[in-house]
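Residue numbers run from 1 in the order of the sequence given.
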Amino acid sequence: MTVAQRRGRRIMMTDAERDAYLTEQRTCRVATVSPDGMPHIGALWFVWDGTSVWLYSLTRSLRWAQLRRDPKVAVVVDDGTEYGELRGVELSGEVSFVGEIPRAGEDCAELDAPERLFATKYFGLDSMPYDDRHAWLRLTPQTVRSWDFTKLPAGA
C-alpha cells in the first residue's frame with residue numbers, strides 16, 4: 001500500500017503521530033491535473049479513518065471533473081508558522097468515488113464511519129447533513145510522506 005519514506009527520516013512522523021495529526025487537522029489541499037497537464041489545487045475539509053482520506057467534494061467543481069477524467073491526486077495537510085514549527089503530511093494515489101452522486105443519504109455501509117466522523121468534526125452532529133451538491137471521494141494512499149520540524153534540534 002504505502003511506499004516507505006526514504007528522505008527526511010529525522011523529521012518523519014511515526015504512524016501514531018501521523019494518525020493523530022490527520023485526525024486533528026481540519027483543512028487539506030487537493031491537487032488534480034487538467035487534460036493539458038496544468039495543476040489545480042483547492043482546499044477541502046476531510047476526515048482520516050486511519051487508512052484513507054475521505055473528501056466531501058462539490059460534484060460540479062473543476063476538481064470533480066478532473067478526477068472523473070484522471071483519478072490521480074495528491075493531498076497535503078500542513079501547518080506551522082515558523083520554520084521550526086512546520087509539520088505536514090502528503091498523501092498521493094488514485095481516488096475512488098463512493099456512494100451516490102450527488103450524496104442524498106441512500107444507505108451505504110462504506111460511508112457510515114466517514115460520515116459520522118465528518119458530521120462530528122465539522123458540524124457537531126451525530127449524523128451527516130446532505131445538500132444534494134456534494135459526494136464522497138476516498139483516497140487510500142499509495143505514498144505517504146510526512147515532516148515535523150519540531151523534531152529538529154534547536155537552531156538546526
Side-chain angles (χ1 to χ4, degrees), residues 1-34 37-67 70-98 103 110-129 131 133-156:
M1 169 186 116
T2 302
V3 175
Q5 182 170 334
R6 294 180 193 162
R7 295 173 45 157
R9 292 176 204 244
R10 279 191 324 164
I11 60 171
M12 184 173 71
M13 293 180 190
T14 66
D15 290 348
E17 290 169 338
R18 180 204 59 224
D19 289 347
Y21 180 77
L22 290 173
T23 299
E24 73 185 24
Q25 296 300 310
R26 294 181 56 87
T27 307
C28 69
R29 284 177 291 286
V30 179
T32 59
V33 180
S34 70
M38 290 299 294
H40 169 72
I41 301 173
L44 272 182
W45 283 349
F46 73 98
V47 291
W48 172 251
D49 68 5
T51 303
S52 299
V53 173
W54 291 87
L55 306 164
Y56 198 53
S57 177
L58 285 167
T59 60
R60 291 185 152 192
S61 64
L62 178 58
R63 169 189 325 101
W64 192 272
Q66 289 180 345
L67 289 171
D70 181 351
K72 289 189 281 298
V73 67
V75 174
V76 172
V77 180
D78 64 340
D79 72 329
T81 303
E82 301 299 323
Y83 182 82
E85 300 171 345
L86 299 177
R87 301 179 305 161
V89 179
E90 176 190 0
L91 310 108
S92 60
E94 293 188 8
V95 297
S96 55
F97 299 81
V98 181
R103 183 81 173 124
E110 192 174 4
L111 291 174
D112 288 348
E115 286 188 344
R116 190 172 44 258
L117 291 169
F118 198 89
T120 300
K121 184 175 184 177
Y122 295 104
F123 305 116
L125 301 173
D126 294 329
S127 61
M128 188 72 185
D131 63 8
R133 300 178 328 150
H134 289 79
W136 286 102
L137 302 164
R138 179 186 61 223
L139 170 61
T140 303
Q142 294 169 316
T143 60
V144 177
R145 293 177 182 88
S146 65
W147 56 95
D148 181 351
F149 286 24
T150 67
K151 293 181 175 189
L152 291 173

Quiz prompt | R29: side chain to side chain donor-acceptor pair (under 3.5 Å) partners, not counting sequence neighbours | solution = D78
Quiz item: Would a 4.5 Å heavy-atom cut-off, applied to side chains only, mark K121 and R26 as touching?
Solution: yes
Quiz item: Looking at W147 and E90, what are the two nearest heavy atoms and their distance?
Solution: CZ3-N, 3.9 Å
Exercise. Looking only at non-hydrogen atoms, find the nearest pair between R116 and D126 and report the distance.
Key: CG-O, 4.2 Å
Quiz item: What are the two closest heavy atoms between L139 and S92, and how far apart are they?
Solution: CD1-C, 4.1 Å
Self-check item: Interatomic distance, W54 atom CH2 to T140 atom OG1 [nearest 0.5 angstrom]
Solution: 7.5 Å
Exercise. To the nearest 0.5 angstrom, please state how far the CG atom of L22 sits from the CG atom of D49.
Key: 10.5 Å
Quiz prompt | Which residues share a side chain to side chain donor-acceptor pair (under 3.5 Å) with S34, sequence neighbours left out | solution = D36
Exercise. With sequence neighbours left out, write down each residue that passes side chain to side chain contact (heavy atoms under 4.5 Å, CB included) with S57, or none if nothing qualifies.
Key: L44, S61, R63, W64, L137
Quiz prompt | S146 versus M13, closest heavy-atom pair with distance | solution = OG-N, 2.9 Å
Self-check item: Listed partners of E115 passing side chain to side chain donor-acceptor pair (under 3.5 Å), at least two apart
Solution: R103, Y130, W136
Quiz item: Side chains of D70 and T32: closer than 4.5 Å at any heavy-atom pair?
Solution: no
Exercise. Determine the minimum heavy-atom distance between L55 and F46, stating which atoms define it.
Key: CD2-CB, 3.8 Å
Self-check item: Contact summary for P114 and V47, nearest pair of heavy atoms
Solution: O-CG2, 3.8 Å
Quiz prompt | Student check: side-chain heavy atoms of F118 and Y56 closer than 4.5 Å | solution = yes
Exercise. Nearest 0.5 Å please: distance from the CZ atom of R145 over to the CG atom of L91.
Key: 10.0 Å
Exercise. Indicate yes or no: at least one non-hydrogen side-chain atom of W48 is less than 4.5 angstrom from one of R18.
Key: yes
Quiz item: Of all residues at least two apart in sequence or in a different chain, which pass the salt bridge (charged side-chain N to carboxylate O under 4.0 Å, His left out) check with E17?
Solution: K151
Quiz item: When rounded to the nearest 0.5 angstrom, what distance separates CD in E85 from CG in D148?
Solution: 11.0 Å
Self-check item: Set of side chain to side chain donor-acceptor pair (under 3.5 Å) partners for S96, sequence neighbours left out
Solution: R138
Practice problem: May I ask you to decide whether D79 forms a salt bridge with R87, counting only side-chain N to carboxylate O separations under 4.0 Å? | Solution: yes
